Each structure stands twice: as structure tokens, then as C-alpha cells.
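This structure is a prediction, so every number in the text was calculated from the model and none was measured. For the numbers below, each heavy atom of this structure counts, side chains included, while hydrogens, waters and symmetry mates do not.
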Amino acid sequence: MIKIIGDGIISSLGISTEENFQHILDGKSGLRLIDDESSSLDPYYSSLVEKDNLSSIVENIDKYTKLEAMSIASILNAVEDKGIDLGSKDTIFIFSSTKGNIDLLNNNNSKDLRIRLWKTAEIISKYFHNENEPMVVSNACISGVSAQILASRLLKSRKYKRAVVVGADLVSKFTVSGFQSFHSLADKECQPFDKNRVGLNIGEAAACIILQYEDEKSLNNDDIIFLDGIMKNDANHISGPSRTGEGSYRCLNHLLKNTNTEKIAFINAHGTATNYNDEMESIALERAGFSDVPVNSMKAYFGHTLGAAGVLESIISARALKEGLILPTKGYVEKGVSGNIRISDRLLKTNKNFAIKLISGFGGCNAALLFKKI
Amino acid sequence: MKQESKIISYTYIDAERNIVVINGEKVFETENLDIKDFLTKVYKTLCDSYPKFYKMDIHCKLGYLLSELLLESSGNRQKGIEDRAIAVVNSSSSLCSDIKHQASIEDNGNYFPSPANFVYTLSNIVTGEIAIRNKYYGETISYIHSSYDSKYLKEIFDLSMVDECNNSILLSWIESIDTTAEGIMFLISKEEGKEGVNVSEKELDNIWQKLKNNK
Amino acid sequence: MEKLINDLKEQIIEALSLEDYSVEEINADEPLFGEGLGLDSIDALELIVLLEKNYGIKLNDPEKGKEIFKSIRVLAEYINANRAF
């Protein structure tokens, strides 16, 4: 069995999983209006991390870029005082990001190795004196979920005992301008699944989840298990989701091999609050028979944190499952998708033991994870 | 008895050297074409019409051509399947398109980011292009690694096969940056009755070394 | 008007990488999306960039593009009525 033995989050809402989770329970959002010419010509809503806040956590922080410092801090938060030896040979680092240190890119430094994700990953794993070559996944917005799936496979095949999975991405002029050119940024805080939704907000974060292989006997009550994970492509379009939700539908359908919809406490959807994404997810969820299962989105708390989203949102979902809670979808007021689904709009208690993380990204990729509480 | 997985076929393109190789045999060669023109020439000479090809960046064009030549020449296209994974490894992500995007936003007085280019600033788009072309609904994934590394490729292959959903894989190394555009793609299958060489780290290395040394 | 239509054809071939087409092959009255040139959602966004870059026309609502991008002739008429330079 693959158990979550540690997790950490660095975001605009706080510099630990605990702080982030508490702020969500209090209904706080990290989104605010950013008016800064170095990242965008026009003001935009986003949720940002201050590197300075990490200087008491990360040793020699000046040696590291903001992205590296955020990643390192998220790992430090995940190990905390748990006595996990990250330098050991049976620990593998898996780094996931869409753009890594993209803020370093300018007209004439494309040779800089630090722009290469494998180099970034090396710098991070070296901080923890880990000698294994880190694995790096860059799979658009599903990167953080893909990384967890690869971790689970490495652990299942017993190549390593534990995997440190990190997802991290920045908000920079590079990404902001790109999403602006797609006209997908909202001019207000995003409203997932709502009938007045007008687009997404991007946010930055680093999140770390540590997975470890455990015998079934050694598990305790309330432990959270990574039970299954799956990736599927829509085979439809490189930037638009499939109108039938093909990939997400197939992912959800696959997870039902190990559970049934009645046992599932909630589904944490991608819920970016773009017209097409939310509509697509509603169709996929209805098709796969999830019409009665509460669905939430965390995008109005953090924005869309790109490659970090899959790890960050899995951590928050696993934590909610552990506490027996179904989190509300901030920003949601009135249903604005055609699929027959139930959007979670208030904090609820649950005694069910399964939760699903659903996600999709450019390139037609989709993925889903199934977590279980013992 | 457990069936050994087999390398059924592979394709190799070095756009800088203007060559296309299928299963060790040079099938196409020109001289003195730049990377973009060479890839267009390969497309027009050896592939079926697919107008989306022109919209792709160099990285995707290279991956697309490798997959087309591989699937067509080996007779293994099998459109619409769900059990074939697509995994692409490279070192510089989508740096060619990244640089183009960066240039379009560097000057606030001449600020015109292109959505058609921005979409290619993700290193996994090439896997999506291949999935779309062939209606492959299986997993698609993009890895970043410092260089062609047969041990790493074998590990990626093994990882894909841990999942019972996957029975075959398009496994590829593609690197495109500045004046370089070089890639190799393997079709590896664990299905019974397939002919090919058993997949191993050594075999993946041998094939690569031969291609590199064959001037 | 005919000059503008011709310019537009050249610009569209370039911006949307329609390398298989020549200016002569594109019919100004043919629909740009669906049938005809078979353009898609990214192409529509790219045409919005083209309008701003070459004619100073800012289109903030991509939905508006649906009416303007019906055909090259419709687009040319719109540009004539709204161009900044």
C-alpha cells in the first residue's frame, strides 16, 4: 500500500499545509489584484508568494531562485520533525513543473542550464543530500498528478521505498502574457462552475507530498492511502478540452474498478472556471455516473497553480478526507454547466472513505487519483 | 512464461545531418537544407497530407514525423486504441518556442504574444499531437532528462508497463534547440506474438551508438 | 478593398501557417472556420492578434470574432470601418 507520510504547501495562503488548510476553512482567498508592469501590462488577479517569507526556512536562500526556494521550503514543511531521511538511497525525488525557472529566460541566456528542469531538480535534491538522479515530469497542468502516478509505480515495483514528489510553478510575465493571449484570464476572482464565470486566475505555489510503501498490516486508522492513479488523452485538440470529456470520463471510469460512486466523499475537480473546462468536466462526471457525488474546486483559493496544482490540491483533498470534511467551492453561487453534477457550496461533514482528484491540461491530457482513508 | 517485451520498430531523424533512418536503414537523405525546410521536405516526400503539420513548432514536427514513419512503416497504427502509451523525453523542454514567446513580450512597445506559439511552450504538446493524429486515448507523458540515456529510457518503459492499462508504448527522445533537431522513437510492445528484439538497456544503447557513429 | 483582401490573405497564410495555400487558392467569400480553410479555436485567437498588430483594432471579446471572421471579405469590411492605421 502507498501511504502519504508527509506533505507541505508554500502558497499565498501560507507556508505550511496547516496554515493553508486553516485559511481554506476560514474561507480566505490568496487572490488579489496585481498591478505590476514587470509581470503584465494590465492589472490581473493572481495569488503570489513572497520569497522573503522563506528566508528563515531555507538555508542560504540567496543561492536559490524563487522557484527553487519555494520547492525546498515545501519539502522541509513535509518532513518537518518526522525524522524522514531524505538523503537515503531508497528515496527518490520527483520534480514536476510546467515552466520551472522560466523567469530567468531573457533574450540572450537560453544556454543557462538553470532554465532546464532537470538542472532545477538536481539543485533541489542536492539541498537534501540525495544522490539519486531525480525524475522530472513536465506534463502541462496535470504535471503534479502525473508525478504522483509515477511515484506510485516506482514504489509498487519496489525500486525505492519512498518518493518525494514536488510540484512547483511561478507566475511570471511569460505565463501571464500567454494566458492573456488566450483570453482566458478573468478580470475578477474566478468562479468555478458558476453561471457568471468568465475565466481563470493563475497563481504560484510549491507543494510536496511524500509517498512511502507500507505493508497493509502496518497501516493505522485515518492514514491516507494513494490507491490508484490513471492518465488518459482526449485525442481531440492541443488546447481545447474534448466536448464529450473523453479523457476525464475514461479516467473516472477506470477508478470505479476499485470503488463505487456511493463510497466517494467528494471529487476535487480541476474547475479552472473557464467556460470550456468546467463544462467539459461536468459532462465527464455525469457520463461516468458521478451526478450525486459532491464536486469542489480550489481555484478561487489559490488560482490555477499550473504544475503545482496536482500536488497542492491532492494534499488539501487528502487532508479534508482525513478530517471527514467536504470543502466548499469558493466563488461558486449558481450552477452554470450543462452536466448534471452536484457542486459543493458549503462545508459539510462526511463519513465516507474515498476521494478523487481530477485534472486536465493542454495537450489533451487528463488524469485522476483515488485516495482512501483507512 | 512471461512474454518478453520487444522493440518492434524504430525511427530516427537528424535534421541537422538531413537524414531519416528506419530500423537502422537510411531511407531518406538530402543536403544543405535548414532544419525547418528539411522537416517539411520529409513530410511532403514520405507522409500523408495533414495540414496541422505546418502549425507545429520544430519539436512537434520532429516528433510527429518520427511517429508517422514508425507507425506507417511497421504497419502498427491501430487507430483508436487506449492501451498504447506515449512517452517523450528531452533536455531543453520547449525552449525554441519559449524563446519565441519571450521575444514577443520583451518589448512593451511591440508586445504581441501569439496564442498559436504559446501553446507550444509546453513540452508535452508533442505527445498530444501524436495522440490526436492516431486517436490514441491512452496515457501521454513528457519527461525531462539531461541527455539520451538508455538506462533512463528503459526505466520509463518499465514504469509504463507497471500499469496494466498499457500494452505498448511509443518511447521517444527528441531534442531541438538552435541548430539541432534530432530524435528517435521506438515502438515497444509486450503483446504476444510480436516480432522484434527484446528490449534492454543495452539494446537501446547499441541502437543509439550505431546511429550516432554512422556518418 | 481588393488590395486589403489580398493583403489579408497573405497575412493569414503567414500568421496561421497555411503553407499549402496560395493567395489565389483562397476564396474571399468562403467561410474561414468549419468548412473552407478549416480553422480552429487557436486560429481565431491568432486572428485577434493579427487585427491588433496590423490594424490597431482591439477585440477584447473573442465571441465577437465569430461574426467578424465569417469570411475574408467580411473581415476586410470590418477592418475598413474600424482600423486605427
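Counting heavy atoms from C-beta on, the side chains of Ser93(B) and Leu117(A) come closer than 4.5 Å. Put simply, the side chain of His101(B) does not reach to within 4.5 Å of the side chain of Thr175(A), judged on heavy atoms. Counting heavy atoms from C-beta on, the side chains of Ile141(B) and Leu150(A) come closer than 4.5 Å.
At a 4.5 Å heavy-atom cutoff, Asn117(B) makes no contact with chain A through either its backbone or its side chain. Using a 4.5 Å cut-off between heavy atoms, Asp107(B) makes no contact with chain A at all. If you measure heavy-atom distances from Ile86(B) to chain A, you find no contacts under 4.5 Å at all. For chain B, the nearby part of Glu246(A) is the side chain; its heavy atoms alone come within less than 4.5 Å. Within the 4.5 angstrom heavy-atom criterion, no atom of Phe112(B) approaches chain A. Contacts of His183(A) with chain B are absent, with no heavy-atom separation under 4.5 Å from either backbone or side chain. For Tyr143(B), the parts lying under 4.5 angstrom from a heavy atom of chain A are both the backbone and the side chain.
Counting heavy-atom pairs closer than 4.5 Å to chain B, the top residue among Ser146(A), Ser177(A), Gly364(A), Gly100(A) is Ser177(A). Chain B forms the most heavy-atom pairs under 4.5 Å with one residue out of Ile230(A), Leu41(A), Ile149(A), and that residue is Leu41(A). Between chain A and the options Leu122(B), Val89(B), Leu159(B), the largest number of non-hydrogen pairs under 4.5 Å is found for Leu159(B). Chain B forms the most heavy-atom pairs under 4.5 Å with one residue out of Thr98(A), Asn236(A), Ile142(A), and that residue is Asn236(A). Among Ser92(B), Ser94(B), Ser91(B), the residue with the largest count of heavy-atom pairs under 4.5 Å with chain A is Ser91(B). Chain B forms more heavy-atom pairs under 4.5 Å with one residue of Phe174(A), Phe179(A), Phe362(A) than with any other, namely Phe174(A). Interface check for chain A: of the options Ala85(B), Pro113(B), Ser146(B), the most heavy-atom pairs under 4.5 Å are formed by Ser146(B). Of the listed residues Asn108(B), Asp98(B), Leu95(B), the one with more heavy-atom pairs under 4.5 angstrom with chain A than any other is Asp98(B). Contact count against chain B (heavy-atom pairs under 4.5 Å) is highest for Lys159(A) among Lys119(A), Glu37(A), Lys159(A).
With hydrogens and angles disregarded, a donor-acceptor distance shorter than 3.5 Å links the side chain of Asn139(A) to the backbone of Ser142(B). Put simply, the side chain of His145(B) never gets that close to the backbone of Val136(A): no donor and acceptor are under 3.5 Å apart. Formation of a donor-acceptor pair under 3.5 Å by the Lys99(A) side chain with backbone atoms of Thr121(B) is found in this model.
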From CA spacing to verdict: salt bridge (Lys or Arg N to Asp or Glu O under 4.0 Å), Arg250(A), Glu82(B): CA-CA 10 Å; Arg250(A) 287 175 188 238; Glu82(B) 195 174 359; 2.9 Å; yes
Chi angles and distances behind the salt bridge (Lys or Arg N to Asp or Glu O under 4.0 Å) call for Arg153(A), Glu164(B): CA-CA 11 Å; Arg153(A) 291 178 185 172; Glu164(B) 284 170 6; over 6 Å; no
Worked verdict on Asp178(B) versus Lys111(A) for salt bridge (Lys or Arg N to Asp or Glu O under 4.0 Å): CA-CA 10 Å; Asp178(B) 298 332; Lys111(A) 298 261 185 309; 2.9 Å; yes
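Ser239(A) OG to Ile125(B) CD1: the interatomic distance, rounded to the nearest 0.5 Å, is 8.0 Å.
Heavy atoms only, all atoms of each residue included: Ile99(B) and Ser110(A) are closest at CD1-CB, 3.4 Å.
Between Arg116(A) and Glu175(B) there is no salt bridge, since no side-chain nitrogen of the basic residue lies less than 4.0 Å from a carboxylate oxygen of the acidic one. With respect to the salt-bridge test (charged N to carboxylate O, under 4.0 angstrom), the residues Glu106(B) and Lys173(A) do not qualify. A salt bridge does not link Lys135(B) to Asp234(A): none of the charged nitrogens lies less than 4.0 Å from a carboxylate oxygen.
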